[in-house]
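Taking it in order: structure first as structure tokens, then the write-up.
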Amino acid sequence: MRYAFVGLGHRVQLYIDALLGDWSDTGEIVALCDVNRTRIGYYLDRIGRDVPSFAPDEFDKMLQLADAVVVATVDATHARYVVAALDAGKDVIVEKPLCTTAEDCAAIVEAAERSSGRLVVTFNYRYSPRNSAVRRLIADGAIGDVTSVHFEWVLDTIHGADYFRRWHRDKASSGGLLVHKSTHHFDLVNWWLDDTAASVYARSALRFYGADNARARGLGDRPERAAGAPELGTDPYLLDISADPRLKRLYLDAEHEDGYIRDQDVFGDGVTIEDNMAVLVGYSRGAILTYSLNAHGPFEGYRVAFNGTGGRLELEVVERAWTPPRAAIDPTAADKAHAAGASERLVLHRHWSEPEEVAISSGAGGHGGGDVLMLNDIFRGVGDDPLRRQAGHRAGVAGVMVGVSANLSAASGAPVLLEDEGTRQAR
């Protein structure tokens, strides 16, 4: 397979490194596309040979060189590249979220259903062993029919804050955290339950980050960005991207070309996304989901509980137990692979029985070995997988539409109804 890449930020390195490493026998990198020549140069150095490179307005020309395209651009631009690649008959691997609007969802569904190419959405959380264990237990009927789900996700002031430094802070670009981040979580629930959403009601607010909240708490004048700020190195909300060679080359050294500032102050002007969100989702077979996301927690992790006709299943994950100030300053701290205090616990409560702790077997690599499994499915093809972890276009759309509908509900104060297996808002 001949692979082309569009969008050369930090996330795409996972796929490029895979084709340079353990999956090098499955395909070759034949083209790169980005708005920024400096970022293209970073990946050319990483690849170690000359590869044809293109600007975004040359995307159709680039497609002629490839069998498949990996899309990792700004979320709001995904649909443009996905639809063009599918219409050219190419396979598409796209970072979540698949897109950010109901209109783009509809366009992608139409393109996917008329195309000879296949579309894969990279929901890596499906492959995490703990989440796969939950899917297996529910599918096996361990707690009977699921009646309700309570799902709480906490982002800390390392990971959560970072969304407010970069382009994600602009809702028009990211869809807000209910689309960019929560799409992961809504997809997990869809997949765990093997069901899709029928109704969505939500509330959301910006309560911690942003200039107005900073002034209300008396934080005083803030720098527009971390680079050059006198408080750099002491203020835990100012990220020093010059301290990380990769972030420096991808962003600090590249900003003269496109003006993109990667280290904006989280308490500055221009934040249009929310940091506290609550969603109530009704599923087509009757289950109810209560979901919350907080982006300024003192620790990072999630708790999810499933109530069923035969019992209850609880998963508690601590990805980082606390956030020391120095870690918040350090760009490498986002890696939670060996974070102090990290833990996971899956407990099955059957009616009339003592609780059973379910063992979770993890492998090497990111997300407990889940990234390796996902990459293998992408580049070698899906084998016998009763859990059906690889996600296609309809799963990608179903996850996005919960987030899009939650944004609409939060803005209007009214519930939003979905149809066609959760892929379209009811008229």
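Every value quoted in this text rests on a predicted model; they were computed, and no experiment measured them.
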Under the salt bridge (Lys or Arg N to Asp or Glu O under 4.0 Å) criterion, do Asp265 and Arg169 qualify, and how do the steps go?
-> CA-CA 11 Å; Asp265 180 45; Arg169 72 193 336 232; over 6 Å; no
Before giving the answer on salt bridge (Lys or Arg N to Asp or Glu O under 4.0 Å), spell out for Arg394 and Asp420 the whole-Å C-alpha distance, their side-chain angles and the decisive distance to 0.1 Å.
-> CA-CA 10 Å; Arg394 291 189 70 83; Asp420 193 16; 3.1 Å; yes
Would you please test Arg165 and Asp263 for salt bridge (Lys or Arg N to Asp or Glu O under 4.0 Å) and show each step?
-> CA-CA 5 Å; Arg165 295 187 182 101; Asp263 60 350; over 6 Å; no
Would Tyr3 and Phe379 count as a ring pair (Phe, Tyr, Trp, His ring centres under 6.0 Å) if you check the C-alpha gap in whole Å, the side-chain angles of each, and the deciding distance to 0.1 Å?
-> CA-CA 10 Å; Tyr3 289 93; Phe379 294 119; 5.2 Å; yes
Report the C-alpha separation of Arg37 and Glu257 in whole Å, then their side-chain angles, then the decisive distance to 0.1 Å, and conclude whether the salt bridge (Lys or Arg N to Asp or Glu O under 4.0 Å) test is met.
-> CA-CA 8 Å; Arg37 297 296 307 181; Glu257 290 192 47; over 6 Å; no
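Inter-residue side-chain proximity for Phe306 and Val134 is flagged as met; some heavy-atom pair is nearer than 4.5 Å. Residues Glu274 and Leu177 are not in side-chain contact: their nearest non-hydrogen atoms beyond the backbone lie 4.5 Å or more apart. Taking 4.5 Å as the limit, every side-chain heavy atom of Arg249 sits out of range of all side-chain heavy atoms of Arg46. At least one side-chain heavy atom of Val304 sits under 4.5 Å from a side-chain heavy atom of Trp192. Between Pro245 and Tyr42, the closest side-chain pair of non-hydrogen atoms is not below 4.5 Å.
A side-chain donor from one of Tyr291 and Ser182 sits under 3.5 Å from a side-chain acceptor of the other. Side-chain N/O atoms of Asn376 and Trp23 include a donor and acceptor closer than 3.5 Å. Side-chain contact check for Asn36 and Tyr260: no donor-acceptor pair (N or O, by modelled atom type) lies under 3.5 Å. When only modelled atom types and interatomic distance are considered, Asp240 and Ser242 share a side-chain donor-acceptor pair under 3.5 Å. Side-chain polar atoms of Asp75 and His168 form no donor-acceptor pair below 3.5 angstrom.
Checked for salt-bridge contact, Asp258 and Arg39 meet the test: a charged N lies under 4.0 Å from a carboxylate O. Residues Arg303 and Glu152 are paired through a salt bridge, judged by an N-O separation under 4.0 Å between the basic side chain and the carboxylate. Comment: Asp235 engages Arg222 in a salt bridge, judged by a side-chain N to carboxylate O separation of less than 4.0 angstrom.
Using a distance-only test at 3.5 Å, with no hydrogens or angles considered, no donor-acceptor pair links the side chain of Arg345 to the main chain of Val358. With Trp191 contributing its side chain and Ser132 its backbone, the two residues share no donor-acceptor pair below 3.5 Å. Checking side-chain atoms of Asp91 against main-chain N and O of Arg118 turns up a donor-acceptor pair under 3.5 Å. Using a distance-only test at 3.5 Å, with no hydrogens or angles considered, no donor-acceptor pair links the side chain of Asn190 to the main chain of Thr196. Side-chain atoms of His78 come within 3.5 Å of backbone N or O of Thr73 as a donor-acceptor pair. Checked by atom type and distance alone, the side chain of Asp275 pairs as donor or acceptor with a backbone atom of Arg207 at under 3.5 Å.
Cation-pi geometry between Arg166 and Tyr163 is met: the NZ or CZ atom falls under 6.0 Å from the ring centre, inside 45° of the normal.
Counting only residues at least two apart or on different chains, the side-chain hydrogen bond (donor to acceptor under 3.5 Å, both in side chains) pairs with a member in residues 398-407 are Lys171-Asn407, Ser405-Gln425.
Using cut-offs of 30° and 60° on the angle between ring planes, the pair Tyr125 and His184 is perpendicular.
With sequence neighbours excluded, no residue satisfies ring-ring contact (aromatic ring centres under 6.0 Å, His included) with Phe5. Shown here are the side-chain hydrogen bond (donor to acceptor under 3.5 Å, both in side chains) partners of Glu110, two or more places apart in sequence or in another chain: there are none.
Partner Val400 forms a side-chain contact (heavy atoms from CB on, under 4.5 Å) with one of Asp187, Thr183, Thr423 and no other, that one being Thr183. Test Arg388, Gln390, Arg389 against Val382 for side-chain contact (heavy atoms from CB on, under 4.5 Å) and you get one pass: Gln390.
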